[in-house]
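Each chain gets a letter, A, B and so on, in the order the sequences are listed, and its residues count up from 1. Both backbone and side-chain heavy atoms feed into the values below; hydrogens, waters and symmetry mates do not.
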2 protein chains.
Amino acid sequence: MPPGRPTPTPSIATPDTPARRPTVRDVAERAGVSLGTVSNVLNRPEQVAARTRARVEAVVEELGFVRNASANQLRTGRHRALGLVVLDIGNPFFTEVARGAEAAAREDDCVLVLGNSDSSAEQELRNLRTLAERVDGIIVSPVDEHAEELVRLGAGATPLVLLDRRSPRGRHCSVSVDDVLGGLLAAEHLFQLGHSRLTVITGPLSLQQCADRVEGAHAAATAAGLDAKQAVRVVEVDNMTARDGRACVAELGDDVGGAVFCTNDLLALGALASLQQAGRRVGEDVALVGYDDIAFAADAAVPLSSVRQPMYELGYRACKTVLAEIAEGERHRHQQIVFQPELVIRESSRPNPVPEQ
Amino acid sequence: MPPGRPTPTPSIATPDTPARRPTVRDVAERAGVSLGTVSNVLNRPEQVAARTRARVEAVVEELGFVRNASANQLRTGRHRALGLVVLDIGNPFFTEVARGAEAAAREDDCVLVLGNSDSSAEQELRNLRTLAERVDGIIVSPVDEHAEELVRLGAGATPLVLLDRRSPRGRHCSVSVDDVLGGLLAAEHLFQLGHSRLTVITGPLSLQQCADRVEGAHAAATAAGLDAKQAVRVVEVDNMTARDGRACVAELGDDVGGAVFCTNDLLALGALASLQQAGRRVGEDVALVGYDDIAFAADAAVPLSSVRQPMYELGYRACKTVLAEIAEGERHRHQQIVFQPELVIRESSRPNPVPEQ
DNA sequence: GACCCGGACTGAAACATTTCAATCCGCTGA
DNA sequence: TCAGCGGATTGAAATGTTTCAGTCCGGGTC
């Protein structure tokens, strides 16, 4: 037997049983209609007579026909797919955003293709390029300040919305959260607790989000009548993982002071671990506030106060925005959508810790 | 002006500047070659003369030509894409698996499309169906014991490998970790610490992984000369999040005993939080072991002992396995690959806790 | 009985690419 | 000078779907 297609049964193969996947043509022949009619049954069932439709549908079922997506896409120019490129797929913030985006995509019968840039501009570019070929629109949380350039380069004419970052010159839609406000809320809360000095542990200030949150903290200090530079001590770490938070606090030692604001929850959880190991009682000796309000924050050893971002909504809205841009085509006008964050106060920064009511 | 395609500049449009995306035909015309040659430049550059190639490449660059993936797929029958359907995209285990899979896919110039079934059989089916249309192969961590049925239904003839689950009747390739061994290692360790009773907090026993880990714990008890049913107390919770672990331990109170094994790290972290709040010193009063060794485990308030699974390798290998199946076609033979887990001992279950050397 | 209407159905064209048999052409060797 | 060679190039066919200008036909109207 040649290495080609093997015949499963040695009996004489029925000529109408092709081994390859059935096409609309196969369905049409078997149902005794033209392939245009099959297409109509598939796409505009109301336009075909009930009897014909039933017959075609039966054959579709019988043959196990499934539309070839490539041919469909080629003809219609629509992929019914959206891309989402995130900075770090391991970050709960982005997985929650992805959930929201997926839900929105599903409502419009689209699938969501997830890409991970791992905070690398090169990977981001690669992702944008491959996605541009296979999706109708892209949502991207850009890596750095050259975002616009990357975006132009990578996505070409594909509709694109920026996630968690405003479009500097309004060249794209964007969906973001007011990070300055978030930083302000966190710091304000800590100052109101009576602290006059505050340590901010932040990821790279080259990230706009971090810079904004720190700026918010400074603003809160000023608003509280303090000298921003003196009252707020900023410590920058390379990454935003628990490990970095832990190492940073360990290094600071007692120097960390009585009030700490971390620019994300992972840093804060690391800080919490380190503080506990050093014997400090978080929520009593030290007030600690994180950012993002990831699911685990509420269930940490000491439930963590955090600035809640509407992550799910962010993804949902971003997705709806690309979909709108796709639908509107030429007459689309870009818009910048900004969500407001919200401070969630838990044990880690209670004014008077009350473990049990 | 009709609502059609607007002309950006009111000047006379140059006839060779189409507003639509350029095609191979456009490139061919502009470079003065046939479209077959352009295709050759794209796919077999070594076969075309250096001068011609250079000219074509210049035009590609100039026009910003990018291949239409749909047409490409339609003609070649290859998508250069792989699908990965996971139980829970928020679970660090799966994000790490995804990382490995993506790396493997990239090596073969494929993209990885991520799907999330959220532990719902219905969503899994939906994911499998949409993926089957748009990828060359699928990796799936199936929801429940009807896996085979779902898989047959959803994926049709698409090559498919099972992740983190063996194929019951060898009908697919699979890449998994020996969960019985993992449970055994964890329990054995706790028994060796001197405990004679053990509480196992597990997710739904309908999940094979959980059932296997519990079975391993029983086996360890038996091996230690104990009565498996008496020495091992199994508590089943609905989900495998930190919240569930916390709630479960809170409910058990002192009843939890001196040795706890959780079938994943999130449960263990929740348990850790609850134990700490109750004033118990984990690593001293209570020994605690998790499962998965997620990144955060080492940086928890008390660094968590855990059964490490080679998550990245799991994803990497699963991906290579589908790729092999795709490449081998008819002559492919299914194989079951089983990785060995490894126990990582940290503070949460030290024989003699030594905070500082 | 002729005519027309409109719903149902048809089938060729189009989508952008790849493939491959055929052609072209400049050289080499006799 | 010419047959023959082989690398470079060509262009038609093919992929599976959707679209749309038509055709068909049963029945109602005059």
Side-chain angles (χ1 to χ4, degrees), chain A residues 18-57 59-60 63-81 109 130 132-136 156-158, chain B residues 5 18-57 59-60 63-81 109 132-134 136 156-157:
Chain A
R20 51 186 184 71
R21 279 173 66 179
T23 73
V24 279
R25 168 163 282 108
D26 298 322
V27 174
E29 267 170 26
R30 198 157 228 277
V33 297
S34 79
L35 65 184
T37 299
V38 177
S39 179
N40 282 336
V41 169
L42 262 27
N43 301 303
R44 307 174 201 71
E46 73 285 356
Q47 279 194 17
V48 10
R51 293 193 46 172
T52 318
R53 186 186 342 149
R55 198 165 65 244
V56 171
E57 277 166 352
V59 175
V60 164
L63 260 40
F65 166 81
V66 25
R67 250 213 256 308
N68 178 314
S70 310
N72 186 344
Q73 286 156 24
L74 175 58
R75 188 55 241 238
T76 62
R78 286 271 277 141
H79 289 89
R80 308 218 66 84
D109 259 326
T130 49
E133 292 184 24
R134 5 171 72 94
V135 300
D136 302 313
T158 312
Chain B
R5 178 188 307 148
R20 54 188 182 71
R21 280 173 66 178
T23 73
V24 278
R25 168 162 281 108
D26 298 322
V27 174
E29 267 170 25
R30 195 158 233 276
V33 297
S34 79
L35 65 185
T37 299
V38 176
S39 179
N40 283 336
V41 170
L42 260 27
N43 302 302
R44 305 172 202 70
E46 73 285 355
Q47 279 194 16
V48 10
R51 293 194 47 174
T52 318
R53 184 180 351 144
R55 198 165 65 245
V56 171
E57 277 165 351
V59 175
V60 165
L63 259 40
F65 167 81
V66 23
R67 242 213 263 304
N68 178 315
S70 310
N72 186 343
Q73 287 156 23
L74 176 58
R75 188 58 240 240
T76 62
R78 287 271 279 140
H79 290 89
R80 306 218 67 85
D109 258 326
E133 293 182 22
R134 3 170 71 94
D136 303 314

At under 4.0 Å between heavy atoms, which parts of nucleotides 9-16 of chain D does protein reach? Answer with one letter per nucleotide, 5' to 3': B base, S sugar-phosphate only, - none.
-> SBB-BBBB
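Between B:Asn43 atom CG and C:dC20 atom C1' the separation is 14 Å, expressed in whole Å. Atom C1' of nucleotide D:dT19 and atom CG of A:Leu42 are separated by 14 Å, given to the nearest angstrom. A straight line from CZ of A:Arg134 to P of C:dT17 spans 14 Å, rounded to a whole angstrom. Atom CD in A:Glu133 sits roughly 13 Å away from atom C1' in C:dA16 (whole-Å rounding). Residue B:Glu29 contributes atom CD, which lies 13 Å from atom P of C:dA16 at whole-angstrom precision.
Using a 4.5 Å cut-off on side-chain heavy atoms (C-beta onward), A:Asn43 and A:Arg67 make contact.
In terms of modelled atom types and a separation under 3.5 Å, the side chain of B:Arg53 and the main chain of B:Val41 share no donor-acceptor contact. Of the possible donor and acceptor atoms, one in the side chain of B:Asp136 sits under 3.5 Å from a partner among the backbone N and O of B:His79.
Looking at every heavy atom in both residues, B:Arg134 comes nearest to A:Ala81 through NH2-CB, 3.9 Å. In terms of heavy-atom proximity, B:Val59 sits nearest to B:Ala31 at CG2-CB, 3.8 Å.
To the nearest 0.5 Å, atom OG of residue B:Ser39 and atom CZ of residue B:Arg44 are 6.0 Å apart.
Contact annotation for A:Arg44: backbone-only contact, meaning every heavy-atom pair under 4.0 Å involves sugar-phosphate atoms and none involves a base. Within 4.0 Å of A:Ser39, counting heavy atoms only, lies at least one base atom of the nucleic acid.
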